[in-house]
Structures are given as structure tokens and as C-alpha cells.
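Note on naming: letters A, B, ... go to the chains in the order of the sequence lines (proteins, then strands), and numbering restarts at 1 for each one.
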Number of protein chains: 2
Amino acid sequence: MTRGRSIPRPSCRQCPLRRSEAFKAISGRALGFLSRLKVDHIATPQGHELIRAGDVNPRLYTLYRGWAFRYKTLSDGRRQILNFLLPGDLIGVQANMFDASPHAVEALTDAEFCVFSRRRLWDLYANFPELAFDITWLTAHEEGMVDDNLLSVGRRSAAERVAALLMQLYKRAQGLGLVEKDGLLLPITQQHIADALGISLVHTNKTMRRLVRIGLFQYRRSRLQLTDPHALERLADYFEAPLPPRPLI
Amino acid sequence: MTRGRSIPRPSCRQCPLRRSEAFKAISGRALGFLSRLKVDHIATPQGHELIRAGDVNPRLYTLYRGWAFRYKTLSDGRRQILNFLLPGDLIGVQANMFDASPHAVEALTDAEFCVFSRRRLWDLYANFPELAFDITWLTAHEEGMVDDNLLSVGRRSAAERVAALLMQLYKRAQGLGLVEKDGLLLPITQQHIADALGISLVHTNKTMRRLVRIGLFQYRRSRLQLTDPHALERLADYFEAPLPPRPLI
DNA sequence: CGGCGGCTTGACTAAATTCAAATACCGTGG
DNA sequence: CCACGGTATTTGAATTTAGTCAAGCCGCCG
């Protein structure tokens, strides 16, 4: 049932993600438990569908490397991207709670995932309340992200939506150390942006060009450079402080 | 810090909500713990703001009676309703996880809430893993609801959005036994519907009138009667099975 | 070199917003 | 009982925003 190709497991003890300041420390005992809870480590190619809408009892994943996104579609094919996933994001809590996954997850880049046993999730709740709390925290945090996106899509203009999304992705990526001197490599097409913002591809393009023309950012070959981040924040009415260290499961 | 007027506490053992088939059973021990976790029972008038955006360390609530909604606003006043809250819904998990509440909560009717100690939430995680799991479940479930709304607002036409929202509210209310022979009393204005669907008040009105005219539903004096629920489902492309019993905290 | 996917632009159409005003509803006070 | 004021609903007209259609371009890869 696991979609993806198993590859040798990197050691949890020396997990490079955990070295990032973005994530909070964890007890050795909890880390040992997590490394036993982890049943596989998989690699998937760009475009791979990790979870399909309707999948039953999918596993729980942590995105280890690469980018992905969560989405839903209507039966005629219209697609709404719910949120983007970056390394450290926990995937499938919702899907695990209900009979069938209500959404799908697709990799934006070649990606790797830690795979956790769904069956033994109960052991985690029974024996590691701090980890259980972390799972709730991550779920609430993801909901907060969807809340933000809903605010954008419901009440911001196209230009404001673009500004809010770019700021959000930039700040998240920055927290993970993914921003380089020449900006951030966004592994997404304008179609993804359109589907995340609830606007058409053409309108997305025209809006982005306009924002580039007035000097808010550069965007060439998928590389995003914020030339006027404050103006972008003001336009979006989006002012997020950098997150404190967050749990990593 | 509690907003609202304390009133005498109904007994948790004889909680009328728990008698509803909508909620799953709970052990006597867990129920005893919850009744100790509950520190207050409050009543608030219609329109009361239970949680303000930015509130720090708000408490945790369960909506005991009445309707409410969760929302965010932009600084110029544009408002997006994130989801509606019905009896049994847990409120404030997100707000509890972060420094300041990222959203606000307002009562749509005169309402009553069970108030839980935030401080002692940790005891729950430490001693009642099944309740911890329930809190995660409820959080994931609320996220699923926001996901649905985001799909609507991002990718459905105005008419489809109205159809999806009315179906969703109707089914949720039905699960709680709130639908009567002459339909469901929806304690919301068209402005609320507009703010939930990301469309203007005027357009909401015109869209609803059109759907009434073609016979999909009746809506007089806030009373909703679905005259053609199947057509409404098809229009919305929204087909939710009734939920299995869910946790009540 | 050719083809394909993704980006860009213009012209036209459709959907939704805004503005304005009339009407219905509801509770209060005379 | 009725008049009154405030809120909510309804409708039409003008405007703006976004979507659709169509075509050209650009960069990359085989």
C-alpha cells in the first residue's frame, strides 16, 4: 500500500532536519520510539501522487526532502490546492482519522518521506503524551495555514493573494534555510499558484507580471527574489512573525 | 479572562449532548476527568465575541448550546468566515497552541459553552490518551471542514458555493437532530453566508433567489427547507455521507 | 532542429462587485 | 393598535474584475 520506492533509511539519530533551528529538541527516549515507529523511508519522483483522494488507511508520512502539496478536486477536474508542504511537515493525520482520505497529496519535486505505522500510532498516544501533543500541534498548525489560505481566496484581490502566497512560502522556506543569496527556488508552475489562489492561470500570470513590473519581486526560472518585501507585506496585509521552533515527528 | 457570564453547571454525567447519537460513548473514568477539567459553564448573548483575534492563552471551549462561527479579518475590515460551529464542537485548540489566537469566534445565537482549563490540558494528554486522540481527531475534522470550504471558495461558482454550504449545514444540523418538520432554523444572515463564501452580499442574495426560483430550496424567515436535496448535491458536487459518531470533549 | 510544456499577451466574454434605492421584517414605545 | 427606526432582504444599473479563447514566445531536451 505504500506508494513509492523504499530506499535505505537515514539514521533518525543523525537526522539532518533535526539539526535545523526550525525544529525543537526531543528527548532521546522519544526519538528512539519514533525511529521504531518509522517503518520505511521512500523516494518518489516529481509529480508522484503520494496519497490519492479516497485511499483507505493510508500511512502517516513526514516530508523528509523536497516539496509537495495537498489538494482536492471537483469531479469535473477543477483543482484546489489546500496548502504546500515543506520538509518537516507531517502528512496524513486527517487521512488517518477517517475512512477514506478526503484529499490527495502530490510531490512537486523528487522527494523523500519517512513512513510511519498507522497501527502503532496508538502506542504513541499511550506512551508519549508529549509526542501526541506535538501531533495535535502540527495538525492545528496546518489548519491555521489553511485558514490563512481561505482568508486569501475568500477576501483578497488577485494581486493581494499572490503577495500573500509568495510571502508565506518565502518565510516558511527561510525558516528552513532554503533561501539562498539569489533568492528561493520555487518548484511550482504558475498553474500551481493559480490552483492555490483560486484564480485562472491567465489571470495569475497577468497579476504576477504586474507585481514584477512595479518592482515587488523578481521571478525568473522559478527563482523568487523579493525586491520589496515590505511593500509585499503591506499589499497582502500579511505580517507573520517567524515561527518558534516547532515539533518534528 | 473568560468572556461570558457564568451560570450554574449542568451535570456532565447527564449531559444532554452526550445522549445524542451523533457522539460516541466515553468511559466513566474519562467522563469524570472531563468534568473536573471543566472549570466553568458560561452563557453569552447573540453576537458576543468569545475569542478575539490576538487573545493570548484563551481557554478551551466546547459549544454546548447554540451556534457560533470562527473568522478572520483583514485590517480594512474584510471578513472571512472560516467555519460554522454547532453544539459539540471544540473551540480554541489552535488558539491554545500558539501565542495569540489567530482567529476570532463569535456567537450567532445566545449560546452556552463548557470552559476547560488550559493549564490542565497537559494532564489530559498524560493520563487519557484516548481523549488526547479525540482532540487530535476533532482538530483534524475541523481542518477537513476548512479544506472543504477552501475548495468551495477557490473553485466553485457562486451558485455551487451556496449549494455546498447549505447542504453542509443541513447535514451537520441533521446529525444533531436540529432539523424539524418545517426545515432547519439557520440563525445567520445573508451577510454571514456572503462572508463564508467569499462573495458579496448582493451577489449572494441574487444567487440564492435564483436557486429558490428554480426550486432547489425554500428560505423564509431564516428557515431552510430543502425542496430538492439531490439536485442541490449535484449542483454542489458535494456528497457527504453522514458522519459516524464522533468524540465529544 | 523540432516538439513540448510553460509563460506571456491581446481581445472578447462572463461573473461578480459596487452603488443606489426600494421593500420587508421586527421590536419598541406611544 | 399603529407609527417609527433599524436591520435585513431584494432588485436594477453601471462598473470592475476575472475568465476564456487564441496565438505567439521562450527555453529545454531529445
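Whole-Å rounding puts the Arg155(B) CZ to dA16(C) P distance at 13 Å. Atom NE2 of His203(B) is separated from atom C1' of dT9(D) by 16 Å (rounded to the nearest Å). The NZ atom of Lys206(A) sits 11 Å away from the C1' atom of dA22(D) (whole-angstrom rounding). In this structure, Arg209(B) atom CZ and dG12(D) atom C1' are separated by 15 Å, rounded to whole Å. Atom CD of Gln191(B) and atom P of dT17(C) are 11 Å apart (whole Å). A straight line from CE of Met208(A) to C1' of dA18(D) spans 17 Å, rounded to a whole angstrom. Atom CD1 of Ile193(A) is separated from atom P of dC7(C) by 8 Å (rounded to the nearest Å). Here the C1' atom of nucleotide dG6(C) and the CD atom of Gln46(A) are 13 Å apart, to the nearest Å.
Between dT8(C) and Asn205(A), a contact under 4.0 Å exists linking OP1 or OP2 to a side-chain N or O. Not one side-chain nitrogen or oxygen of Gln190(A) sits closer than 4.0 Å to the OP1 or OP2 atom of dG5(C).
Comparing dA8(D), dA16(C), dC7(C) by their nearest atom to the side chain of Thr189(B) picks out dA8(D).
Between Val202(B) and Ile188(B), the residue whose closest nucleotide on DNA chain D is further toward the 5' end is Ile188(B). Checking Arg161(A) against Arg221(A), the closest nucleotide of DNA chain D that is more toward the 5' end is the one next to Arg161(A).
Taking the side-chain contact (heavy atoms from CB on, under 4.5 Å) definition, one finds that Ala111(A) meets it with Thr44(A), Leu63(A), Ala107(A), Thr109(A), Phe113(A), sequence neighbours left out.
In this structure, the side chain of Ser101(A) does not engage the main chain of Ala95(A) through any donor-acceptor pair within 3.5 Å.
Contacts of Ser200(A) with the nucleic acid, taken as non-hydrogen atoms under 4.0 Å apart, include base atoms.
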Item to complete: Before giving the answer on side-chain hydrogen bond (donor to acceptor under 3.5 Å, both in side chains), spell out for His41(A) and Glu112(A) the whole-Å C-alpha distance, their side-chain angles and the decisive distance to 0.1 Å.
Response: CA-CA 7 Å; His41(A) 187 93; Glu112(A) 292 176 37; 2.7 Å; yes

Table please: side-chain donor-acceptor pairs of residues 193-204 of chain A below 3.5 Å, with sequence neighbours left out.
from	atom 1	to	atom 2	distance (Å)
Asp195(A)	OD1	Gln191(A)	NE2	3.2
Asp195(A)	OD1	Arg155(B)	NH2	2.8
Asp195(A)	OD2	Arg79(A)	NE	2.7
Asp195(A)	OD2	Arg79(A)	NH2	2.9
Ser200(A)	OG	His203(A)	N	3.2
Thr204(A)	OG1	Ser200(A)	O	2.7

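Using the six-membered ring where Trp is involved, Tyr71(B) and Phe69(B) have ring planes that are tilted, between 30° and 60° apart.
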